[in-house]
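Throughout, numbering of the chain's residues begins at 1 and tracks the sequence. As the structure lists them, so they are numbered: ligands from 1, and atoms in each ligand from 1. In what follows, every heavy atom counts, from backbone to side chain, and hydrogens, waters and symmetry copies are set aside.
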Amino acid sequence: MQRLNIQRILQRRGIGHVSKSTAGLCHFHATSKPPPLSFVFDIDGVLIRGPHVLPTAKRALKYLEGDNPFQKKIPYILLTNGGGIGEHERCDKLGAKLGFPIKPTQFCQAHTILKKFAPKYADKPVLVLGGERDVVKKVARSYGYQKALTTLDVLAWNPSVWPFHRLSEAERAVTESIDFSKTPIAAVFVYHDPRNWALDVQVTCDVLQSGGVIGGPYISSRGRTPPVELVFCNPDLIWRSDFDRPRIGQGAFKVAFQSVYRALTGSEYPHVQYGKPTQATYEFAEELLNLHLHDLYGAPNQFKPYMVGDNPESDIAGANAAKWSSLLVKTGVYEPANGPPAYKPTMIVEDVEEAVRWAVEQELAKTKSH
Ligand code: G3P
Ligand code: MG
């Protein structure tokens, strides 16, 4: 039996850390053939709504774990535009809620892809936005961005940067003493939904207008490559939580930021966008799925996966562009009452359970017709 060094492959591709036990597991079963399909699941609006697990989610995963006509584990990964905490912690929490273990090697959140670019910024000061207090700073440092800093660190340095917010005790407790007049910021990464839009818009404008040195003279980046890179990880304008109407997301923060920046400078700041539906994120997810399949069956993935999502603009648009099959559920952003979805899925289904059963039936029918 051939032994594959999944550990080296995953680390080389910046995809998570593999524990000894998982590496041991990679001793794959060449005897058992993988089933002819796999899934990529969105999270918000498909498996959970805010703190609540959708009942169909547990049934769908039970079906994929082996209680299906193929009587095999049907591989799946989770692909979310959410984030804000580390992959391991998120997998533990999700696994406990869903009742099935979710491994970091089958999980991709909005900022996971940034692991790939850590070497470029390993020892450079960067600003990370979003999430609670310094949680995202710790996540960025765990990816290899050793000098990740937050807008709370900036406010601790000089409260007059934003006179309308006074640091709470809890916020001050997680700040570091940095002299930002001597700390040029090389990039701004928006990891997750900012908690203080006004502070984050102000400080990001300061960084970009002054070429990295907050409070420094303004520079014009017209006609040249802007010195500071600006990266957003989730383009979702809206998403579905447990409130009756969709909630605005990180994409709305981007709109707010760019309109302020344009009002100040006359044009929007060039930026990089990751997250669904971007091609980079779907390629990253397909790599992760291939490795997960290797993990489970020791075989490369031969079939384009079924994407199950609730948001036509992100889940379905991205899956269609990646030539995957796409299943749109009615338990999240998409509401049939609003008319046909902006991006046509392979199939519209009630929920995730109907999605997995429909896809399995399709593949069963194909195997029978061969
Ligand atoms: O903040 C998360 C939201 O934008 C959507 O998450 O899981 O539906 O991709 P998800
Ligand atoms: Mg969703």
Side-chain angles (χ1 to χ4, degrees), residues 39-54 56-57 60-61 76-87 90-91 93-95 97-98 102 106-114 129-132 135-136 139 189-195 197 200 232-243 245-256 273-278 280-282 284-285 288 305-320 322 324 326-335 338 341-343 345 348-352 355:
F39 289 92
V40 178
F41 291 118
D42 171 49
I43 297 180
D44 292 299
V46 171
L47 301 176
I48 65 169
R49 283 274 301 269
H52 313 298
V53 173
L54 292 169
T56 50
L61 296 188
Y76 62 89
I77 65 168
L78 305 189
L79 176 61
T80 176
N81 273 350
I85 61 174
E87 282 76 13
R90 188 92 199 269
C91 287
K93 286 188 173 152
L94 265 174
K97 274 192 176 171
L98 292 167
I102 305 290
Q106 63 181 140
F107 180 75
C108 179
Q109 52 187 354
H111 42 75
T112 308
I113 194 169
L114 297 183
L129 273 54
E132 301 291 339
V135 178
V136 156
V139 173
F189 294 96
V190 187
Y191 269 58
H192 191 42
D193 302 60
R195 298 313 191 249
W197 281 32
D200 290 6
F232 291 89
C233 293
N234 169 8
D236 287 352
L237 185 65
I238 57 168
W239 64 292
R240 205 59 197 265
S241 177
D242 53 339
F243 189 67
R245 311 296 326 134
R247 300 297 76 193
I248 55 174
Q250 192 187 128
F253 172 78
K254 181 169 93 173
V255 170
Q273 180 71 69
Y274 293 117
K276 299 172 289 183
T278 66
T281 287
Y282 275 82
F284 189 80
L288 192 70
Y306 284 83
M307 174 82 205
V308 183
D310 71 306
N311 188 332
E313 270 77 14
S314 59
D315 305 310
I316 306 305
N320 292 355
W324 299 3
S326 56
L327 305 176
L328 178 60
V329 299
K330 301 176 186 174
T331 50
V333 167
Y334 170 62
E335 295 190 46
N338 300 343
Y343 295 87
I348 297 178
V349 290
E350 287 305 316
D351 53 51
V352 64

(request) Taking all heavy atoms of Tyr282 and all of Pro277, pick out the closest pair and write down the distance. (result) CE1-CA, 3.7 Å
(message) Could you check whether atom OH of Tyr343 has more than 12 heavy atoms from other residues, nucleotides or ligands sitting under 6.0 Å from it?
(response) no
Spacing of [atom1] belonging to [X] relative to [atom2] belonging to [Y], to within rounding of 0.5 Å:
X      : Y      : atom1 : atom2 : answer
Leu237 : Arg247 : CG    : CZ    : 12.0 Å
His111 : His192 : NE2   : NE2   : 7.0 Å
Asp44  : Asn81  : CG    : CG    : 9.0 Å
Glu87  : Leu78  : CD    : CG    : 12.0 Å

(request) Count, excluding waters, the protein N, O or S atoms that are closer to the Mg ion (ligand 2) than 2.8 Å. (result) 3
Pairs of nitrogen or oxygen atoms, one from ligand 1 and one from the protein, closer than 3.5 Å: please tabulate them with distances.
residue, atom, partner, partner atom, Å
ligand 1, 4 (O), Asn234, ND2, 3.0
ligand 1, 4 (O), Asp236, OD2, 2.8
ligand 1, 6 (O), Asp44, OD2, 3.0
ligand 1, 7 (O), Asp42, OD1, 2.9
ligand 1, 7 (O), Ile43, N, 3.3
ligand 1, 7 (O), Asp44, N, 2.9
ligand 1, 7 (O), Asp44, OD2, 3.3
ligand 1, 7 (O), Thr80, OG1, 2.6
ligand 1, 8 (O), Asp42, OD1, 2.8
ligand 1, 8 (O), Asp42, OD2, 3.1
ligand 1, 8 (O), Asp44, O, 3.0
ligand 1, 9 (O), Asp42, OD1, 2.7
ligand 1, 9 (O), Asn81, N, 2.8
ligand 1, 9 (O), Lys276, NZ, 2.8

(message) Quick check on side-chain contact (heavy atoms from CB on, under 4.5 Å): which of Leu327, Asn320, Ile316 does Pro345 satisfy it with?
(response) Ile316
(request) For Asp351 and Thr331, test the side chains for any donor-to-acceptor distance below 3.5 angstrom and give the result as yes or no. (result) no
(request) State plainly whether the residues Glu335 and Lys330 are in salt-bridge range, i.e. N to O under 4.0 Å. (result) no
